[in-house]
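Report on the structure given below.
In what follows, every chain begins at residue 1, and chains take the letters A, B, ... in the order their sequences are listed. No hydrogens, no waters, no symmetry mates; every other heavy atom, side chains included, goes into these values.
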Amino acid sequence: PRAHAEDVLHLYNWNNYISDETMTRFERQCGCRVKQDYYSDNEEMLAKLDAGATGYDLLVPTGNAVETLIRKNALRPLDKSKLPHLANINPAYLDAWYDPGNRYSVPYATTTTLIGYNVEKMRQLDLPTDTWALIFEPRYLAKIKGKITVLDSQRELMAAAMRYLGHSVQATDPAEWEQAKQLIIRAKPYWAAFSNSTYIKDLAIGNIWVAHGYSNDMFRAREDAKAAGRPFTIGFATPREGAVLAVDNWVLHKSGQRPDLAYKLIDFMLDGANAADVSNLIGAGNPNAAALPHIRTEVGGNPALFPPLSELGHLEMLRDFGPKLRRNLSRMWTEIKVR
Amino acid sequence: MKSRGGQFWLWAASLAVYAFLYVPLAVVVLFSFNDSELNAQWVGFTTRWYAKLAADADMLHATANSLLIAVTASATATVLGTLAGVAMQRYRLRLLPTLALTPVAMPELLLGVSLLLFFRQVLDLTLGFVSILVAHITFSIGFVAVIVRARLAGMDESIFEAARDLGATPWAAFRRITLPLILPALIAGFLMAFTLSIDDFVITFFVAGVGVTTLPLQIYSMIKVAVTPEINAVSTLLMLLTLTVIATASRFAPDVLKGKA
Amino acid sequence: MARHARVDRLARWGMTLPPTVFLLAFVAAPALIMILASFREPGEFGGLAPWNGASFEAYRFLLTDIIYAEIFARSLLVAVLTTLICLVLAYPLAWLIARSPKRRRDLLVLLVMLPFASNFLIRIYAWIMLLGPLNLLFSPWAVMIGMVYVHLPFMVLPLYVNLERHDPALLEAARDLGAGAWTRFSRITFPLSLPGIYAGAALVFIPVFGMFAVPELLGGTGDILIANLIKEEFLQNRDWPLGSALSILLTVAVLACAGLATLAARRGFKGTEAVS
Amino acid sequence: MALLELRNVTRRFGSLEAVKNVSLAIEAGEFFTLLGPSGCGKTTILRMIAGFDAPDEGDILLDGQSLSGVPPEQRPLHTVFQSYALFPHMTVAGNVAFPLEMAGRPKDEIRRRVGEALELVHLVAKAESFPHEISGGEKQRVALARGLVGRPRLLLLDESLGALDAKLREQMQIELIALQRQVGIAFVFVTHAQDEALALSHRVAVMRAGRIEQCDEPDRLYTQPANRFVADFIGKVNLIDVEVLAASKVLLALRAPGLGEIAASDPRPLRAGESGTFALRPELIRIFGRKESADLKNRFEGKVKELLYLGDVTLYKVELANGFVIEALMPNAAPGRAKFHEVGDPVAVCWRHDAGLYLRE
Amino acid sequence: MALLELRNVTRRFGSLEAVKNVSLAIEAGEFFTLLGPSGCGKTTILRMIAGFDAPDEGDILLDGQSLSGVPPEQRPLHTVFQSYALFPHMTVAGNVAFPLEMAGRPKDEIRRRVGEALELVHLVAKAESFPHEISGGEKQRVALARGLVGRPRLLLLDESLGALDAKLREQMQIELIALQRQVGIAFVFVTHAQDEALALSHRVAVMRAGRIEQCDEPDRLYTQPANRFVADFIGKVNLIDVEVLAASKVLLALRAPGLGEIAASDPRPLRAGESGTFALRPELIRIFGRKESADLKNRFEGKVKELLYLGDVTLYKVELANGFVIEALMPNAAPGRAKFHEVGDPVAVCWRHDAGLYLRE
Ligand SMILES: Nc1ncnc2c1ncn2[C@@H]1O[C@H](COP(=O)(O)OP(=O)(O)OP(=O)(O)O)[C@@H](O)[C@H]1O
Ligand SMILES: Nc1ncnc2c1ncn2[C@@H]1O[C@H](COP(=O)(O)OP(=O)(O)OP(=O)(O)O)[C@@H](O)[C@H]1O
Ligand SMILES: [Mg+2]
Ligand SMILES: [Mg+2]
């Protein structure tokens with residue numbers, strides 16, 4: 001590293017969320033360097049910030065985390081004048097509940113939580129793939145026992161169960177949660193494991209046939225299987241009962257030293273061509289309207305990755321609960337794990 | 001002398017255990033040459049991952065950081081842990097044994113979070129190299145202390161007395177007698193501390209400051225997507241590097257540390 | 001000794017003080033923060049709520065619910081099993097290393113630790129690859145294999161370090177008095193190696209409680225351990241008081257287990273402790 | 001002022017009083033010996049002097065200064081341990097060099113003095129051996145050399161010649177004495193070998209069960225033991241329970257139950273009727289055929305029960321009329337004729353009236 | 001057939017031949033002693049017999065069967081180690097019980113026999129102590145009890161009485177002999193204490209630097225040493241370099257350079273002119289004032305140079321005319337008169353013509 005204080009932007013980002021090429025391009029354009037640290041979970045990032053970690057200019061939290069950060073007064077309000085390309089964002093993604101008027105956040109990418117599956121196996125076993133029933137109903141599960149993983153995340157799994165049962169993921173009625181718990185406990189014996197990351201590989205290898213997971217991961221699994229020349233293909237679809245949508249946003253952390261560089265990066269990423277990278281690279285949905293022309297059709301045209309605006313109503317975002325409910329849900333989750 | 005049968009079974013059992021330790025390693029090394037991004041099935045031989053690694057500045061930088069931290073932290077932990085272990089064995093202490101075992105017993109997460117809180121909110125320390133170092137030393141001390149103590153337990157006290165009697169100050173007796181005799185424990189303790197440090201993710205995740213990244217952090221950032229053979233490659237190289245570093249270190253170590261009896 | 005010489009006091013302080021101060025600063029102080037944290041209320045958005053008098057809510061929550069005790073018991077079982085299996089596997093190896101020629105010993109020790117210089121996740125992934133085809137993945141067996149694998153060196157090394165020091169004359173004496181191989185082991189070597197076993201057991205048994213990655217990655221849907229709960233509270237649920245309380249209860253319980261074991265052992269093998 | 005002084009030193013291990021109220025004074029350049037049966041507390045005393053152990057009561061002074069609180073390395077004395085306590089990771093030469101290195105002597109002086117010390121103990125050939133590669137006696141000699149090489153003012157020797165053969169031991173004894181003369185080292189020598197104690201020491205303290213029974217010059221210990229224990233412990237002795245029949249200023253008439261009257265002499269004022277022990281050294285007893293000198297006092301008849309050939313002397317066990325067995329030592333002064341009398345021979349034993357000693361306790 | 005036989009046994013440590021071509025045969029029930037200076041290979045021989053070490057050459061046979069390949073635990077013999085090798089984690093009683101437990105004796109028998117063995121070595125009070133809590137001599141006794149308690153057919157004792165005081169040692173010796181008579185145990189006893197060797201043994205092998213120099217009955221060793229080394233090693237002896245002047249069938253005239261002519265006797269056919277050593281035991285020498293018996297043969301004048309009080313005897317070192325110092329031992333047969341002659345006294349020494357021995361090597 002050069003000795004002199006240089007222009008360095010500290011970005012606290014998801015793993016593998018921006019390609020190296022994109023970053024290099026940005027660095028060249030702005031004449032600065034970007035240093036990234038990574039997290040694999042909003043909560044990881046929040047925990048670290050809660051404990052007092054500082055020095056990050058830019059974060060990429062999901063909606064619920066944005067709300068948390070705003071409420072904790074940890075973010076720097078946006079000076080939209082420094083973001084000339086903001087207009088590229090599809091208005092459907094603006095003014096979300098977590099940040100009315102987008103005072104702090106700029107949407108960057110979206111993912112859906114859905115079901116990924118081994119196309120050939122499903123066909124062979126004659127299983128439906130567009131419903132949560134596949135992971136919750138014993139009559140289906142019996143055929144794929146031990147060949148299915150679900151997310152090791154209380155919110156996500158409960159959300160899926162709630163949607164399947166026809167409830168909102170933000171429901172507060174304990175009876176509804178209880179129902180969801182029973183549903184999960186009934187299905188659990190058929191599942192191989194709770195898995196947050198290994199399912200990509202396991203799907204691609206063929207260790208498992210069905211996985212509950214994120215759309216971009218399923219995309220990845222599909223690409224991997226294809227690249228490795230597996231004798232099967234990976235498919236994925238948003239269940240018709242509805243699912244969870246996650247929108248990741250750019251926000252400026254208050255402790256950041258270089259908001260100027262942060263604005264530069266956000267605006268750079270708002271450019272259609274640059275914004276398209278995240279979709280092309282990892283199969284994330286893209287709220288940037290100007291990006292669509294740059295996105296490969298097998299990504300952009302996939303409704304599971306790019307939910308049509310008509311379906312957005314079907315998708316719910318997760319919103320943090322209060323401490324009391326959190327604790328009770330956690331207790332419920334523990335019970336699910338143990339039973 | 002040992003009976004032949006006994007010797008045979010001893011060897012057989014030991015080889016089996018070594019095999020247990022190395023079979024996964026063989027997989028790691030083998031797949032670092034695998035010509036497949038998915039890295040789940042042998043496709044073909046390639047060295048391109050090593051080439052990729054060689055060009056991956058972040059990874060190399062993280063590796064250098066990790067090694068530096070591991071060597072510094074484990075050396076410091078070995079010193080402090082040895083003192084603690086000897087003191088625990090020699091004096092009937094109450095506080096120190098508990099203190100030394102606590103970081104071993106504390107769940108990593110708690111240790112990580114609490115250290116982070118402590119660094120930031122009590123010491124107002126800027127996170128970075130030092131915070132990682134301190135954290136690694138903290139959780140390694142107990143390991144070294146325990147093993148040093150296990151070495152000393154039951155050792156003939158009279159030779160330490162003899163040293164003092166013949167004019168050795170406590171320090172001289174420690175350096176000339178105690179240290180050489182517990183040397184295997186020191187080496188073992190150092191190795192444990194080294195691997196604990198170079199492999200730690202959870203605690204480092206919390207106490208690492210912006211821009212200071214270690215190999216496990218770097219690897220975790222990549223792994224979410226997939227374990228590409230590049231990570232196997234870096235693991236392989238890391239082992240080789242460790243082997244060389246330690247072999248060289250032992251060659252140039254001062255005589256006392258060579259167990260030159 | 002009745003009275004201590006000045007140099008002896010100095011030596012004692014010189015030896016005790018540095019690690020004590022260091023650990024007080026970086027273990028006791030942070031631990032204190034977390035102890036305090038466990039008596040607070042969780043913040044509305046994670047972290048901690050402002051201090052508002054001690055709240056025992058977290059402890060009440062954990063201690064009045066049998067499910068947490070159940071998970072602790074499960075973790076205890078895994079810890080005990082892991083420790084025992086590690087002991088059985090480590091003993092012959094440690095013994096062999098200890099009895100090898102001096103110049104070869106360090107190399108053999110290094111070979112035990114070397115795999116652990118590679119990355120943890122990579123090793124676990126290697127196990128996933130190995131266990132998958134054996135149909136062992138996502139089972140309690142996989143968890144045990146992983147736990148044993150991860151902790152084995154911490155049993156081998158203390159054992160080796162202790163065994164290396166044994167006086168071969170004692171084995172000769174036992175032999176001479178008619179003890180066969182097994183008796184020599186059970187009556188002489190084993191009891192004499194108890195300090196090494198305690199050390200190894202401490203370094204295996206205790207950390208097992210904190211290990212969440214192995215059950216998470218190798219275990220099935222039922223293989224949750226207490227460490228996973230702690231992770232859940234800190235990293236998913238962001239309920240720090242509960243996480244802290246859980247950790248503290250765990251730490252205390254584990255240290256108490258270790259202490260009890262030491263006490264029991266001390267009583268059972270008075271001689272060994274006397275020697276040690 | 002004495003070099004070393006022990007004042008009412010007591011040391012307890014649990015309920016066992018290993019050392020009981022021991023007081024001693026050792027002069028500079030003195031060869032002082034602690035003699036006593038196994039387990040009587042000799043090593044414990046040395047350990048307190050050396051500073052590994054501290055008295056529970058009493059004080060130890062060096063040059064009049066209390067040693068309490070003075071660590072072992074600051075005491076101008078070295079110890080040769082009963083268990084040797086050689087440093088297992090150092091060669092023989094390394095072990096011997098250790099005290100010199102600690103004293104910060106220059107390298108070449110160390111080399112020279114280590115060489116000399118090893119020569120002294122005949123171990124030059126083993127200089128580069130490790131302790132586990134040498135024999136028991138060799139180990140002991142290394143310990144000895146290591147203790148001597150630093151020329152401390154006071155050297156504590158804990159049975160430090162016990163593993164050596166007579167020849168070597170004698171040589172070592174001579175070296176010790178020579179060193180003492182040349183350098184003025186004082187020795188505290190622990191031994192259970194009384195001949196060694198008697199031959200080497202200026203003074204000997206005889207211990208029993210933590211107490212000092214008698215502290216005296218060697219020949220006085222032998223000829224004037226303070227009590228039955230000392231008499232019995234040092235050398236061979238016949239101990240006969242007696243009762244005082246009559247005592248004049250010098251002459252003493254004793255009655256040994258079942259044996260008869262014994263004539264002895266004692267300057268102490270003794271009361272008739274008191275009972276005690278009559279101690280008689282075997283070498284002061286003469287044995288002859290029954291027919292000879294039948295008219296002597298202190299003459300008793302018996303039969304040879306057993307004889308033990310001891311090289312230069314032969315020990316006869318003679319069973320007297322009342323079944324009491326008396327031991328007599330006859331020098332094998334005539335070559336080839338080790339045995340004057342055979343087992344079963346009827347003989348008579350006899351001794352001069354001033355040969356034995358009356359002991360009150 | 002001998003119980004134990006060593007046939008041309010050799011053992012090397014690197015370039016050192018610790019045991020050289022040793023052959024021995026030990027009979028059942030025999031008390032056999034290996035005697036020799038420190039480092040001569042005694043322990044090495046025992047270790048080979050016990051099976052911890054194997055000969056580089058030669059063979060060891062028990063009851064005529066080669067022991068090669070038989071592990072120590074299957075050899076019907078126990079060893080009392082020079083270094084004790086007590087089990088530190090067992091109490092004294094536990095140590096002693098060990099061999100019985102190994103032999104699978106019933107519990108109450110073990111308790112009884114352990115009690116007996118501890119009584120034998122006077123350690124009942126220490127039964128529950130651990131080895132690090134007892135004294136050196138007590139440790140040795142535990143080792144002894146542990147070796148004895150199992151009543152092996154052959155017991156190897158490596159300097160096993162060395163740390164005991166004379167009284168205790170003698171008691172132990174008596175117990176050993178008694179055991180041998182009762183149970184018929186054979187002993188191989190290693191010692192450097194010649195008096196012990198001479199007093200206890202049926203036969204003694206004297207070793208030097210790995211070789212056996214002489215293997216014989218005790219009194220023959222003393223009176224008929226095979227060579228200078230044996231004569232010197234066993235007991236005190238004056239060794240005088242001599243040349244044969246004339247030899248008849250019995251009488252022998254020797255010339256000691258600078259001293260004069262010595263009359264001796266020797267049945268061997270000796271050639272005049274050959275040179276050797278004249279060995280003379282100190283106790284066979286008489287000392288008297290110069291004036292007395294001036295006409296005797298083998299009479300030489302000198303001056304008392306030094307005297308050593310040894311309790312029952314006094315050793316006189318008399319410097320003869322040519323500067324040669326001769327040692328003479330006088331029994332202190334007269335009470336209170338330990339010293340017949342003082343240092344500096346002019347005296348004469350004299351011995352019978354059959355007192356000394358001519359040794360060729
Ligand atoms: N650490 C200890 N704990 C308990 N008792 C002890 C300890 N050390 C010594 N003793 C006891 O104290 C007494 C004196 O022991 P010490 O070692 O002084 O004897 P010693 O005279 O040197 O005997 P020896 O000639 O056999 O070496 C013995 O009875 C011994 O058993
Ligand atoms: N392991 C070994 N390595 C090298 N040399 C050895 C070893 N063991 C013994 N020796 C040497 O062999 C010789 C004989 O040793 P041994 O122990 O038999 O003597 P010893 O007769 O028992 O003497 P001591 O009376 O002193 O015990 C000694 O010179 C010793 O130094
Ligand atoms: Mg002693
Ligand atoms: Mg020996």
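With sequence neighbours excluded, no residue forms a salt bridge (charged side-chain N to carboxylate O under 4.0 Å, His left out) with D/Glu133. With sequence neighbours left out, the salt bridge (charged side-chain N to carboxylate O under 4.0 Å, His left out) criterion links D/Glu306 to no other residue.
Taking a 6.0 Å sphere around NZ of E/Lys167, one finds it holds more than 12 heavy atoms contributed by other residues, nucleotides or ligands.
Contacts between D/Leu16 and chain E at a heavy-atom distance below 4.5 Å involve the side chain alone, from C-beta outward. Only the side chain of D/Lys126 comes within contact range of chain E, with at least one heavy atom under 4.5 Å from a heavy atom of that chain. Using a 4.5 Å cut-off between heavy atoms, E/Ala193 makes no contact with chain D at all. Residue E/Leu329 touches chain D through its side chain alone, counting heavy-atom pairs closer than 4.5 Å. Interface residue D/Ser135: only side-chain heavy atoms are found under 4.5 Å from chain E. Interface remark: E/Gln224 contributes no atoms to any contact with chain D (heavy atom separation under 4.5 Å).
With chain D as partner, the option from E/Leu168, E/Thr44, E/Asp158, E/Asp232 having the largest number of non-hydrogen pairs under 4.5 angstrom is E/Asp232. Comparing D/Ser38, D/Ala18, D/Gly137, D/Gly36 by how many heavy-atom pairs each has under 4.5 Å with chain E, the most go to D/Ser38. Interface remark: of the candidates D/Arg141, D/Arg169, D/Arg281, D/Arg141 forms the most heavy-atom pairs closer than 4.5 Å to chain E. Of all the listed residues (E/Ala163, E/Gly235, E/Ala199, E/Ala166), the one sharing the greatest number of non-hydrogen pairs under 4.5 Å with chain D is E/Ala163.
For the atom pair NZ (D/Lys236) and CD (E/Glu170), the distance works out to 3.0 Å, reported to the nearest 0.5 Å. Here CD of D/Glu138 is found 9.5 Å from OG1 of E/Thr43. Values are rounded to the nearest 0.5 Å.
The side-chain heavy atoms of D/Lys139 and E/Gln82, taken from C-beta on, include no pair separated by under 4.5 Å.
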